[in-house]
Every structure is written in C-alpha cells, then in structure tokens.
Amino acid sequence: MRVTMIGAGYVGLVSGACFADFGHDVTCVDKDAGRVAALNRGEIPIFEPGLPDLVAANMRQGRLKFAADTASVGSSEAVFIAVGTPSRRGDGHADLSFVYEAVREIAPMLSNTAVVVTKSTVPVGTGDEVERILHEKRPDAEIEVASNPEFLREGAAIQDFKHPDRIVVGTSNPRARAVLEEIYRPLYLNAPPIIHVSRRTAELIKYAANAFLATKITFINEIADLCEQVGADVQEVSRGIGLDNRIGSKFLHAGPGFGGSCFPKDTTALLKTAQDYGVPMRIVEAVSAVNEQRKRAMARKVVAALDGSVRGKTVAVLGLTFKPNTDDTRDSPAIPLITALQDLGAVVRSYDPAGMEQAKAKLETVVYCDSAYAAAEGADAVVIATEWEQFRALDLARLKKSMAQPVIVDLRNIYRIEEMKRAKFRYVPVGRTGVE
Ligand SMILES: NC(=O)c1ccc[n+]([C@@H]2O[C@H](COP(=O)([O-])OP(=O)(O)OC[C@H]3O[C@@H](n4cnc5c(N)ncnc54)[C@H](O)[C@@H]3O)[C@@H](O)[C@H]2O)c1
C-alpha cells in the first residue's frame, strides 16, 4: 500500500518507519526542510531507541522516503496526518491550525479515492471539519476521512507501535475501514484487538485514555503526600493496590507530577471540549489543578531538604526530559522545578543524557554539565528529576566526595533507604520516610 505521512515528528516518523517495515511504500512529509534534509542524510532528529536502525534499513530497501513537498500524496491510497496539536495560547483548546493547514495543502493533490487518516490527537468533531474542508475543495472526489489515534509512548515507541494493546479505527465507511485493515494487516499475527468505532468515538477514546492515565498518576501522588504525613510507604501502597487486577500496577509511581507532550495538553483540551458541550468533568479538572500545584511543591521539597533556603546554594538537577529514553522536554516537570529553584535564588547545574539541547532553548541560565558527577560537583543537593537508567546506580561515595553537602532529593524513588543510610546521605524521597 502507498502511504504518505504528513509530519515527521515523534509520531509521524515512528509510524512511517514502522509502516515501511510492515512492507508498505511510505513517504514522510515534513514542512521543516532542515529536518527532511537531515533525514535524507540518515540523521534522526529525535532520540528514540531503535529508530535509527529501523529508518536506515527501510530507506536502504527503498520503502521509506522523506520529502518537504506533498508530491507523494497524489499516488497514496492513505494519507496520515501526524502533525502537532499543542495547547492553543490563551485558552488551552487544542490548536488545530497545523492539522487544517496540512489538510488544505494536501487537498488539491489527493487522489479521488484517497483515505485521509487523522493520527494526531484531535478533539471530537475535528474529523467532521477535515471532511468539510475536503468536500469544499474537492466536491467531486470520494475522499474518506478516518480517525486512527496513536497510543505509542516515547522511549518505547517502536515496540508500542508494533505490539499495540489495541488499534482504534474510527470510520463508518467500509472502504476506509478496508484500507486501514490492510495497512495494519502485518500486525494480525500478534492479534491485537482492532476496535472499529465511529470517528467521533475514536477521537474521544484517545482523550479518555490519556485523562485516565493522568488521573492514576495524580491519584498516587496525592496518596504519596498522605504517606509522608502518616509515615506510610507509597511504593508499598502502590504494590498493594496495583496487584489487584481491577486496578493494575502501571502508572502508580509517585513522582513530581505528569508532564510531556501529551498528558498536560490533552487533559486541558478535554476539559475545553467538555465545557463547550456543557458537561462538567470535575475529576479531570481536579487532576489538572493538582498536577499544576505539584510542580512548585517539588521545589519546596528541595528547599526543605536544604533547611529552608536555597538562596546562594547550588542544586544539581539530574534529568530534564519528562521521562527516560527520550529527548523530549515538552512540559517536563524538571523545567518548572528548575525555574522555581532559580526564582528562590539557587544556582542550578544539570545533566541529562539526551534532553540538554532541547532544554537549552527553555532554560538559558542553567549550567549544563557532561555527566551526573560533573553536575554534582560543589552542589548542596542533587535532585533526581528523571529516572534514567544511568542515575539508578550512581557511585554514592564519589558523588558525596564532590558535593558541598550530602543531600539527595529523589523525586522518582529510585534509591533504597538502606543504601542512603549506609552512604550517610540526607535522603528525601517521595511518599516514603527518608533519611535525616
Ligand atoms: N509524542 C507522543 O508521544 C505522542 C503519542 C501519541 C499521540 N501524539 C499526538 O501526535 C501528534 C504529533 O505529535 P508529535 O509529538 O509527533 O509532534 P512533533 O511536534 O514531534 O511533530 C510534528 C511534525 O509535524 C510537522 N508539521 C507541522 N505542520 C506540517 C505540515 N503542514 N506539513 C508537514 N509537516 C508539518 C512539524 O514540522 C513537526 O516535525 C500530536 O497530536 C500528539 O498529541 C503524540
């Protein structure tokens, strides 16, 4: 099948490379000409494990191409839209301008029987508007519009794409349905459930999934706060509830609050949709508000660990990305944590294995270092903000020797209390009693 993917970002590039790997003939189109040139030179503009090899192999075999123009659209049976849908400045609605712009660009090129598939996360009813634009521009064509939301996680994107828990196909049109079934046919061996639903239902499934996961994280974060007050251990509570199959153990790790390119903007956009339809969504409202407050609360935790003030002190923040194995710092909790510490007078040093380039654009006055140990030099406290593998087994003796004070604030709970006692650190975890 000939496929064009509009947008070669985290989702478009991974989806395009995986579709090519399934055997389809894929062109990924991006309006960022620099990105396309880099891809054509074999350089991968994002950090995603396994992606460079997958892209190289499929380029070599001629199934994956990159272009800055939409010429490939005309011969494609399916055209996926995978452009960004960030929060709109000012009101928090999903900004759909990239989606509609892409649709207007491809409209004149589409074949008369093309299927346009929205993979971007878009509010309910966006598919109707895409359809309206296409019918307006191509009144004689029989172009179909379907929704196929994406559930991959950055850092495990290829595995998620090739072994999805489910594939959601939103269309009531038999031809569009057949095209999508053909595209995903290579996955049938793994037998993931394909959920055939209406376009609007598919659009809502994506927001409901993200809002639910954000709720789970926020729930355990509030339980963590209670644990700290009553002397309980949130990790044991998580295990104790997560082993119940009705609850499940995933997304029950207490931490600095959810971030990333999806949960914050998608919970906000869902609230906006709900408001537009006059439907109160108090749970999601609370989740969003609680998570927002948590950002600066994490800075206060660092202040408390340093006896009430960080003014003139040096704090080493380990991790800038919103989770490990990605270079994505969009809405990472490390960013407001650092700005809050700087507002309070701290000098912040930092190291992240993949996220420093992106972070530099947002945080100019941070001292960027080339290792965790270099960041910790002369620091009054080390704060673990992202649970990268390489932060899990730091040489504590070496760390302590180079620090001004032996203080670790572990916002990801990756160390054992006993270990910290032995190493004689003041240790402040989340939702557990630490070491004084
Ligand atoms: N990142 C994730 O983990 C993830 C997971 C599931 C769903 N999503 C959703 O997928 C969508 C894309 O997210 P992303 O993280 O890949 O975004 P991204 O910002 O990484 O990539 C978007 C790309 O689209 C390009 N683009 C924008 N307008 C274009 C146009 N008219 N023509 C060609 N290219 C254009 C941009 O240059 C950019 O490279 C969003 O709706 C997001 O919510 C993201």
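Basis for what follows: all heavy atoms, side chains included, without hydrogens, waters or symmetry-related copies. From a predicted model like this one, the values you see are computed outputs, not experimental measurements. Both ligands and their constituent atoms are indexed starting at 1 by order of listing.
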*asked:* Is there a side-chain contact between Glu387 and Asn413 in this structure, where contact means two heavy atoms from C-beta onward sitting under 4.5 Å apart?
replied: no
*Flag the pair Asp128 / Arg199 as yes when at least one side-chain heavy-atom distance between them is below 4.5 Å, and no otherwise.*
yes
Heavy atom of the protein closest to [atom] (residue, atom name, distance):
atom: atom 11 (C) of ligand 1; answer: Val83 O, 3.3 Å
atom: atom 24 (O) of ligand 1; answer: Gly7 CA, 3.4 Å
atom: atom 5 (C) of ligand 1; answer: Leu152 O, 3.5 Å
atom: atom 23 (C) of ligand 1; answer: Asp30 OD2, 3.6 Å
atom: atom 21 (O) of ligand 1; answer: Gly9 CA, 3.2 Å
atom: atom 6 (C) of ligand 1; answer: Glu150 O, 3.2 Å
atom: atom 22 (C) of ligand 1; answer: Gly84 N, 3.7 Å
atom: atom 8 (N) of ligand 1; answer: Val11 CG2, 3.5 Å

_Under 4.0 Å, counting heavy atoms only: does Arg153 come that close to any atom of ligand 1?_
no
Measure from [atom] to every heavy atom in [options] and give the option owning the shortest one.
atom: atom 33 (C) of ligand 1; options: Lys31, Arg35, Arg104; value: Lys31
atom: atom 40 (C) of ligand 1; options: Thr118, Ile106, Thr85; value: Thr85
atom: atom 2 (C) of ligand 1; options: Arg330, Glu154, Lys206; value: Glu154

Per-atom contacts of ligand 1 with [X], taking only distances under 4.0 Å to non-hydrogen atoms:
X: Lys265; answer: 42 (C), 43 (O)
X: Ile6; answer: 32 (N), 33 (C)
X: Glu105; answer: 30 (C), 31 (N), 32 (N)

Quick check: does [X] get an N/O under 3.5 Å from an N/O on ligand 1?
X: Lys119; result: no
X: Thr121; result: yes
X: Asp328; result: no

*Is a side-chain donor or acceptor of Thr27 paired with a backbone partner of Phe66 at a separation under 3.5 angstrom?*
no
_Plane angle bin for Tyr184 and Phe19 - parallel if under 30°, tilted between 30 and 60°, otherwise perpendicular_ = perpendicular
*Phe263 and Phe251 aromatic ring geometry - parallel, tilted or perpendicular at 30°/60° bounds*: tilted
